[in-house]
Amino acid sequence: MGRFLVEQRVERVLSDVGESSVREWEAMAPGNARIWRHRRARRGVIRSAGALALIAVMSACGAHSGDGGGAGDGATATPWTPKPQETTPTPSPTHVPFTGTHWNIERLRLDDGVTAAPHGSAWLEFDGNGHVAGSLGCHRFKADATVDGRRVRIGEVRMSESSSSPPASGRGEQQQECSREQVTFEKYVKTILRSGLRADSGPSAEQLFLVNTRKDGFELQRGIPAPLIGTKWAVRSLYEGDSQAAPTDIAPKIGEVYVVFDGDGTVHGSLGCNDFRAKAEVAATAIEFSDPATTTHRECGDSIKAVEKQLLRVFREHAEYSLNHDALAVTTENEVPTQAGGFYGVKVDG
């Protein structure tokens, strides 16, 4: 009888709160099914071995106390109640903190359909002080958010500028057109955010499911901040004085405009037609640019040349920079405010 009670206790201890959610999402994402089944199989083997060891230890302890120690002979066993599991998510060596973490939306489920997010464009971040901010897929948003253990409730979603634009910084906001894919995805995200949500653990500490009672919701992946050095930064906006414009607004036929900071104190990239290289001494929040030069000599249109000249001026100046996860803002200093410049870039795959 004692062994039977011990086995029952072990079964309760080894129950897994997040298992049902994993099964639901496994059905949604067949490509991940093999990985998740393998992980659960390994977990089952470990549980079986752990259960046998735990039964042996607890049985031995029970036999010892029956020999006259502890409760004494004929003592009535106290009913056992399993300790409530830690709420998800919990700051621990095996779980990423829910609040204060940048969560990329990898895909969402709505009405039994699964939609992948536009790469790197949709994300959430809960600040732990009653607010959530992020991107719906194209536009940024903010909202009030209540996090109570595993329960998450989000208030009215307030949208702002395009995610391809820099955050409002006194230079005015730039509205960029969103693709049809992004517009559709944003509608799905807003529909899910309006429902009460629950946070469930994923198959790894870097993953999380945020779902409602119908199992509609998000698969979240912890976002790793992009480093300044070695990342390819696509230039989305150019600053000059109080004006701000996308390179394609200035030169509609311009090619790719990007910069890459190298580990040897230089920066290189494309100005939209010609390639360039310059010196770049990087400090904690500042960059000392110098000696910019084009490394190719292609014929470019006048509007494209205007963009190239504007960027080359930036690479002659002292500049301040800031990183916001997958975005970079560079602003030069100048005694004449109208001559200050800079650019805003986002991380792209190289």
Side-chain angles (χ1 to χ4, degrees), residues 120 162-172 174 176 225-350:
S162 163
S163 294
S164 297
S165 307
S169 58
R171 297 177 179 272
Q174 171 194 356
Q176 291 197 2
L228 175 67
I229 306 298
T231 298
K232 183 178 179 179
W233 301 101
V235 176
R236 296 287 190 248
S237 298
L238 296 172
Y239 308 144
E240 190 166 54
D242 293 329
S243 66
Q244 176 183 310
T248 51
D249 290 340
I250 302 171
K253 296 183 178 180
I254 196 169
E256 185 180 22
V257 183
Y258 71 89
V259 300
V260 178
F261 290 87
D262 303 304
D264 60 356
T266 63
V267 59
H268 76 275
S270 172
L271 301 170
C273 179
N274 285 296
D275 299 336
F276 81 96
R277 183 171 291 276
K279 293 181 180 179
E281 298 180 15
V282 178
T285 60
I287 306 172
E288 191 70 44
F289 292 114
S290 62
D291 301 333
T294 56
T295 56
T296 58
H297 304 284
R298 304 184 184 98
E299 288 295 326
C300 314
D302 290 341
S303 59
I304 296 177
K305 287 180 181 178
V307 173
E308 292 191 335
K309 289 180 180 179
Q310 186 171 339
L311 277 170
L312 288 174
R313 283 197 294 272
V314 172
F315 298 124
R316 294 189 181 97
E317 304 287 341
H318 174 85
E320 300 292 323
Y321 77 93
S322 62
L323 287 169
N324 182 14
H325 202 77
D326 289 344
L328 168 68
V330 175
T331 306
T332 63
E333 298 176 347
N334 197 296
E335 293 180 357
V336 182
T338 57
Q339 295 180 9
F343 63 87
Y344 173 83
V346 297
K347 175 189 173 183
V348 294
D349 295 332

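Side chains included, hydrogens not; waters and symmetry mates left out as well; all remaining heavy atoms used.
Nearest heavy atoms, K253 versus I304: O-CD1, 4.0 Å. The two residues L311 and L238 come nearest to each other via the heavy atoms CD2-CD2, 3.6 Å. Across every non-hydrogen atom of C273 and S270, the tightest pair is N-OG, 4.3 Å. Shortest non-hydrogen contact noted between A226 and T231 is CB-OG1, 4.0 Å.
Of the possible donor and acceptor atoms, one in the side chain of Y321 sits under 3.5 Å from a partner among the backbone N and O of A283. A donor-acceptor pair under 3.5 Å is formed between the side chain of Q310 and the backbone N or O of Y239. Side-chain N or O atoms of T332 include one that pairs as donor or acceptor with a backbone N or O of G341 at under 3.5 Å. In this structure, N274 contributes its side chain and H297 its backbone to a donor-acceptor pair below 3.5 Å.
Between L271 and V307 there is no side-chain heavy-atom pair separated by less than 4.5 Å. Looking at heavy atoms from C-beta onward, V314 lies in side-chain contact with F343 at the 4.5 angstrom threshold. The side-chain heavy atoms of K347 and W233, taken from C-beta on, include a pair separated by under 4.5 Å. The side-chain heavy atoms of V235 and P247, taken from C-beta on, include a pair separated by under 4.5 Å.
Considering CG of D249 and OG of S243, their distance stands at 11.5 Å, rounded to 0.5 Å. Atoms CG and OG1, on L312 and T294 in that order, are 7.0 Å from each other to the nearest 0.5 Å. With values rounded to the nearest 0.5 angstrom, E299 atom CD is found 6.0 Å from K305 atom NZ. The distance from the OG atom of S290 to the CD atom of E281 is 6.5 Å, given to the nearest 0.5 Å. The line from OG1 of T266 to CZ of R277 is 4.5 Å long, rounded to the nearest 0.5 Å. Taken from CG in D275 to OG1 in T295, the straight-line distance is 4.5 Å, to the nearest 0.5 Å.
Relative ring orientation between F315 and F276 is described as parallel, the plane-to-plane angle staying below 30° on a 0-90° scale split at 30° and 60°.
Of the charged side-chain nitrogens involved, none lies within less than 4.0 Å of a carboxylate oxygen, so that E308 and R298 do not count as a salt-bridged pair.
Atom CD of E256 is surrounded by more than 12 heavy atoms from other residues, nucleotides or ligands within 6.0 Å.
Checking each of L328, V348, T248, V257 against R236 for a side-chain contact (heavy atoms from CB on, under 4.5 Å) leaves exactly one that passes, namely V348.
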